[in-house]
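First the structure, in the form of structure tokens, and then the observations on it.
Quick caveat: nothing in here was measured; it's all calculated off a predicted structure.
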2 protein chains.
Amino acid sequence: MMLYRPFENKLNVLLSEHGMQRAQWTILYYLYHFGSATLVELAHYQGVEKPTVTRTVNRLEELAYIEQVPSKDKREKRIMLTQLGKKVYVETRVPIDEFEAEILKGITEHEQLDAIRIMEEIRNNIMK
Amino acid sequence: MMLYRPFENKLNVLLSEHGMQRAQWTILYYLYHFGSATLVELAHYQGVEKPTVTRTVNRLEELAYIEQVPSKDKREKRIMLTQLGKKVYVETRVPIDEFEAEILKGITEHEQLDAIRIMEEIRNNIMK
DNA sequence: GGAAAATAGTTACCTAGGGTAACAGTTATC
DNA sequence: GATAACTGTTACCCTAGGTAACTATTTTCC
């Protein structure tokens, strides 16, 4: 139940040491791996409400990490990473990977995959 | 990585529907199962700094869910649940259990125990 | 036994991050 | 073409966390 909280807190600290915030990082992560997204898509991915995404996206735009891409549907705002955004993602990835390696010490790859699979099942149950 | 966030958010919403906040709930949970605790103990358990605990504990005292117990060491503030606190814990437990049952649907008990064990190992790695 | 260090908790101040309600603009439905 | 649904924004509220600096006790250790 409360197992994950320390992980979350440490990650926040780690990210802010690199001038990044978790909510921002989550979106960079999504865009890096999925190319582009609308705000609703991001809200669903993060499991938060739309205004929350608007805020984070605004900050990312000010930082010039993302830019808008044209879309047929004039309602939606589709965004993608800029060159700078990609650069920042890749650079921030390094300490994140180190952190992950550290906290996964002593846990076999098989166990890791098991845990991730189960967590994903839980996630699916939550999201539906 | 981001798997847990939706769980956290849904739990927050569920708790606030029952007039409770997650940080408060975490402390009620600890006290219900471990009897009493100092603020440092709680900070370590939650993986947060001391001022954060002070705040949450103050609110729980205002609500009369906890009370101070005398201690030899005059520096420390040792607290435990009041009768009201226990009652509230037990009552809030009900919707929490329902929620947990729902999100664990389709996941065998064996898998659940596996996942918990692995998460605990990760937690230990983080805390040291 | 007393000075210095460590420990427990608090206060003040700052930030991130989330929620709801109400709204405008656009697209789908029928 | 009217109505419903969807996308995003704005305004306002709250929780939750952090750091720095402090007081009051207890421990350490010379």
Problem set entry | d(CG, B:D73; C1', D:dT26) in whole Å | 6 Å
For this session: Select base, sugar-phosphate, or nothing to describe what B:S16 touches, counting heavy atoms under 4.0 Å on all strands.
Result: nothing
Exercise. Less than 4.0 Å between a side-chain N and a carboxylate O, is that true for B:K77 and B:E61?
Worked result: yes
For this session: Using atom CH2 of A:W25 as one end and atom P of C:dG17 as the other, report the distance to the nearest whole Å.
Result: 14 Å
Problem set entry | For atom CG of B:N12 and atom P of D:dA16, their distance in whole Å | 7 Å
Exercise. Considering only side-chain heavy atoms of A:K50, which listed nucleotide, D:dT15, D:dG8, C:dG19, is closest?
Worked result: D:dG8
Exercise. A:R75 side chain N/O closer than 4.0 Å to the phosphate oxygens (OP1, OP2) of D:dA5?
Worked result: no
Exercise. Below 3.5 Å, does any donor atom in the side chain of B:K77 face an acceptor in the base of C:dG9, or the other way round?
Worked result: no
For this session: Give a yes or no on whether B:Y30 and B:V40 share a hydrophobic cluster (residues Ile, Leu, Val, Met, Phe, Trp, Tyr; joining criterion: side-chain heavy atoms under 4.5 Å apart).
Result: no
Problem set entry | Any side-chain heavy-atom pair of A:K50 and A:V53 under 4.5 Å | no
Exercise. Distance check: side-chain N/O of A:Q21 vs OP1/OP2 of C:dG17, anything under 4.0 Å?
Worked result: yes
For this session: Would you kindly give the CG-to-P distance between A:L42 and C:dG18, to the nearest whole Å?
Result: 12 Å
For this session: Check whether any side-chain nitrogen or oxygen of A:T54 sits under 4.0 Å from OP1 or OP2 of D:dG8, and answer yes or no.
Result: no
Exercise. Rounded to whole angstrom units, what separation is found between the NZ atom of A:K74 and the P atom of C:dT27?
Worked result: 6 Å
For this session: Under 4.0 Å between any heavy atoms, over every strand shown, what does A:R78 touch: base, sugar-phosphate, or nothing? Just pick one.
Result: nothing
Problem set entry | Residue B:T38, side-chain heavy atoms: nucleotide from D:dA16, D:dC6, C:dG9 that is nearest | C:dG9
Exercise. Of A:P51 and A:Q24, whose closest DNA chain C nucleotide lies nearer the 5' terminus?
Worked result: A:Q24
Problem set entry | Distance below 4.0 Å between B:T52 side-chain N/O and D:dG18 OP1 or OP2 | yes
Problem set entry | Close side-chain approach of A:Y45 to A:I27, heavy-atom, < 4.5 Å | no
Problem set entry | Atom-pair distance (CD on B:E49; P on C:dT7), nearest Å | 15 Å
Seminar exercise, completed: Rounded to whole Å, CG of A:L15 lies from C1' of D:dG18 at a distance of 15 Å
Exercise. Hey, does B:Q21 have a side-chain heavy atom less than 4.5 Å from the side chain of B:S16?
Worked result: no
Exercise. Side chain of A:R55, base of C:dG17: donor and acceptor closer than 3.5 Å?
Worked result: no
Seminar exercise, completed: Taken to the nearest whole Å, NZ/B:K72 to P/D:dT25 is 18 Å
Exercise. Can you tell which of C:dA21, D:dG8, C:dG18 lies closest to the side chain of A:L39?
Worked result: D:dG8
